[in-house]
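Structure, as structure tokens:
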Amino acid sequence: MSSISNPATLFGLCGAALVGIGLFTVIVHPGLLRRIVGFNILGAGIFLIFGAVARRGAGAGFEGDPVPQAMVITGIVVAFSATALAVAMLQRLFDLTGRATLEPPAPEGRPGSET
Amino acid sequence: MNALLDVVLVAGLLALALHVARARDDQGAIVGFIAFGFLLGLGWVRLASIDVALTEAAIGGGVTGLLLLRVEAHTRDSSAPDRTARPITIAAAAVLCIAVTAGLAFVILNLPSPPPTQAPAAAAALDATGLENPVTAVLLAYRALDTLLEKVVLILALVGVWSLAPDHLWGGAPELRPAVVPEPLSYLARVLPPFGVLIAVYMFWVGADAPGGTFQAGTILAAMWLLVMLAGLRAAPDTRRVTLRLLLIVGPAVFLAVGFLGFAMAGGFLAYPAGAAKPIILGIEAALTLSIAVTLGMLVSGPSKRAPTS
């Protein structure tokens with residue numbers, strides 16, 4: 001067991017919690033935009049866990065293992081690409097249907113629902 | 001003192017993440033997410049990963065935040081969906097997420113000791129590349145294939161975004177300018193770009209030996225371009241313009257060409273000839289920086305909103 005006061009462990013645990021919070025938002029929130037934000041929080045948590053592993057791998061005069069660090073940089077860029085594509089799809093969905101969710105519309109013409 | 005800073009950072013990150021999960025309106029959640037991105041950048045500094053910190057602050061917080069805010073404004077008048085998830089679904093999701101977090105936490109507390117690391121291997125080969133920043137060496141020498149494919153992913157994402165435009169707008173320009181441009185925005189868009197371009201060039205150049213590099217430089221350039229487009233000083237270009245498309249692919253194309261030249265000059269795909277690695281890497285990086293800046297700018301601008309001119 002490693003000590004919690006060690007930054008690597010502390011931020012690693014923070015990453016684990018962020019994965020949980022992000023995943024919860026993605027599953028539970030009905031709004032698609034919020035799900036995209038949740039997906040980004042989930043990704044940030046996974047990157048932080050990589051960061052914890054990188055920090056622990058310090059050696060050879062470096063303060064961290066450069067391989068996981070480089071993988072996180074690549075990951076951030078790929079996550080941004082995915083976000084941009086998802087957001088464009090959401091925008092198109094809204095233009096076509098006037099709604100920003102995949103939940104079925106409320107059954108009895110609630111005010112504001114467009115059926 | 002530093003331990004206290006870490007605890008405050010972690011508490012702030014968790015509080016902002018919970019705010020994103022629970023905020024009533026999307027705009028509040030996105031603003032929380034932007035703050036989250038900047039705090040996370042500080043967290044990466046504490047993990048001694050300055051390169052990642054710069055990328056996270058620029059892309060994770062800044063550019064993603066701008067993208068999300070643009071779409072939030074576009075979809076705002078949709079009838080806000082009520083919390084339709086049933087309590088049983090929420091409870092099941094909560095149990096699942098807590099289990100995932102607990103599993104990850106268990107793994108983190110029981111990581112192998114001594115930790116496995118590639119740092120000595122990265123340090124041993126650093127001399128051959130002529131670089132001093134090990135992260136840049138991983139990105140553009142040891143694992144250059146990953147970086148090449150990542151550039152292709154950026155282009156593919158942009159193709160996907162553009163294809164979501166309605167048929168009659170295909171090839172036209174996206175529209176970023178708000179109906180009313182606030183005076184301070186217009187002022188900043190005139191004053192900041194020269195400094196931004198200077199910082200980007202510095203960051204690209206210094207990236208070989210110190211924290212910095214192509215993504216960070218490209219993102220700053222993209223941010224400056226977006227600022228100019230947001231303030232309406234320059235309209236976004238038609239997506240069918242040949243110069244725009246050439247700029248988009250020049251980086252990946254140079255990278256790929258160097259990769260194939262590696263067969264002839266150094267005996268393998270993406271191999272660099274001994275002694276010439278650093279100038280070649282800088283050349284690739286220069287082309288990539290330009291392409292990344294244009295790609296990010298167009299990704300944030302989104303699909304075409306206007307019919308192509310002429």
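Per chain, numbering begins at 1; letters A, B, ... match sequence-line order.
Counting heavy-atom pairs closer than 4.5 Å to chain A, the top-ranked of the candidates B:Gly213, B:Pro166, B:Ala137 is B:Pro166. Ranked by heavy-atom pairs under 4.5 Å with chain A, the list B:Asp26, B:Leu96, B:Thr136 is led by B:Asp26. Contact count against chain A (heavy-atom pairs under 4.5 Å) is highest for B:Pro112 among B:Pro112, B:Gly37, B:Ala102. Each of A:Ala17, A:Ala86, A:Gly43 has some count of heavy-atom pairs under 4.5 Å with chain B, and the biggest count is that of A:Ala17. The candidate with the highest count of non-hydrogen atom pairs below 4.5 Å against chain A, out of B:Leu67, B:Val153, B:Val100, is B:Leu67. Between chain B and the residues A:Thr25, A:Val78, A:Leu23, A:Thr74, the largest count of heavy-atom pairs under 4.5 Å involves A:Thr74. Counting heavy-atom pairs closer than 4.5 Å to chain B, the top-ranked of the candidates A:Val26, A:Ile36, A:Asp95, A:Leu93 is A:Asp95. The residue among B:Val107, B:Leu149, B:Thr55 with the most heavy atom pairs within less than 4.5 Å of chain A is B:Thr55. Between chain B and the options A:Arg34, A:Gln91, A:Arg92, A:Arg55, heavy-atom pairs under 4.5 Å are most frequent for A:Arg34. Between chain B and the residues A:Leu96, A:Leu90, A:Leu33, A:Val67, the largest count of heavy-atom pairs under 4.5 Å involves A:Leu33. Most heavy-atom pairs under 4.5 Å with chain A: of the set B:Asn133, B:Thr295, B:Leu16, B:Asp25, this distinction falls to B:Asp25.
None of B:Val52, B:Leu47, B:Ile50 except one satisfies the side chain to side chain contact (heavy atoms under 4.5 Å, CB included) rule with A:Gln69; the exception is B:Val52.
Looking at B:Val7, both its backbone and its side chain come within 4.5 Å of chain A, counting heavy atoms on both sides. In this structure, no portion of B:Leu156 lies under 4.5 Å from any heavy atom of chain A. When heavy atoms are compared at a cutoff of 4.5 Å, B:Trp44 approaches chain A solely by way of its side chain, counted from C-beta outward. Heavy atoms of A:Val72 lying under 4.5 Å from chain B belong exclusively to its side chain. Using a 4.5 Å cut-off between heavy atoms, A:Met71 does not touch chain B at all. When heavy atoms are compared at a cutoff of 4.5 Å, B:Arg143 does not approach chain A at all. Of the two parts of B:Pro303, only the side chain, counted from C-beta on, holds a non-hydrogen atom closer than 4.5 Å to a non-hydrogen atom of chain A. When heavy atoms are compared at a cutoff of 4.5 Å, B:Gln216 approaches chain A solely by way of its side chain, counted from C-beta outward. Of the atoms belonging to B:Leu158, not a single heavy atom falls under 4.5 Å from chain A.
By the 4.5 Å heavy-atom criterion applied to side chains, B:Phe215 and A:Ile76 are not counted as neighbours. Within the 4.5 Å cutoff, side-chain heavy atoms of A:Phe80 are placed close to those of B:Leu299. Counting heavy atoms from C-beta outward, B:Leu68 and A:Val37 have side chains that approach closer than 4.5 Å. Under the 4.5 Å side-chain criterion, counting only non-hydrogen atoms from C-beta, A:Val77 is not in contact with B:Leu296.
A distance of 12.5 Å separates NE2 in B:His19 from CD1 in A:Ile21, rounded to the nearest 0.5 Å. With rounding to the nearest 0.5 angstrom, the CZ atom of A:Phe11 is 10.5 Å from the OG atom of B:Ser49. Summarising the geometry, atom CD1 belonging to B:Ile90 is positioned 6.0 Å from atom CZ belonging to A:Phe24; distances are rounded to the nearest 0.5 Å. Between the CD1 atom in A:Ile41 and the CZ atom in B:Phe33 there is a gap of 6.0 Å [rounded to 0.5 Å]. Annotation: the span from B:Leu139 atom CG to A:Ile73 atom CD1 amounts to 5.5 Å, rounded to 0.5 Å.
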Could you give me the CA-CA distance, side-chain angles and deciding distance for A:Leu13 and B:Leu109, then say whether side-chain contact (heavy atoms from CB on, under 4.5 Å) is met? CA-CA 8 Å; A:Leu13 291 175; B:Leu109 290 172; 4.2 Å; yes
Let me see the working for B:Phe36 and A:Leu18 under side-chain contact (heavy atoms from CB on, under 4.5 Å), right down to the final yes or no. CA-CA 11 Å; B:Phe36 173 87; A:Leu18 291 178; 3.7 Å; yes
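Across all non-hydrogen atoms, the minimal contact from B:Leu40 to A:Ala44 is CD2-CB, 3.6 Å. Closest non-hydrogen pair, B:Leu13 versus A:Cys14, comes out as CD1-SG, 3.9 Å. Considering all non-hydrogen atoms of both residues, B:Ile108 and A:Thr9 come closest at CG2-O, 4.1 Å. Between A:Ala84 and B:Val161, the closest heavy-atom pair is O-CG2, 3.8 Å. The two residues A:Asp65 and B:Ala119 come nearest to each other via the heavy atoms OD1-N, 3.6 Å.
Other residues, nucleotides and ligands contribute only 12 or fewer heavy atoms inside 6.0 Å of the CZ atom of A:Phe50.
Looking at B:Asp6, its side chain never comes within 3.5 Å of a backbone N or O of A:Pro7 through a donor-acceptor pair. B:Thr101 places a side-chain N or O within 3.5 Å of a backbone atom of A:Ala16 that can act as its donor or acceptor partner.
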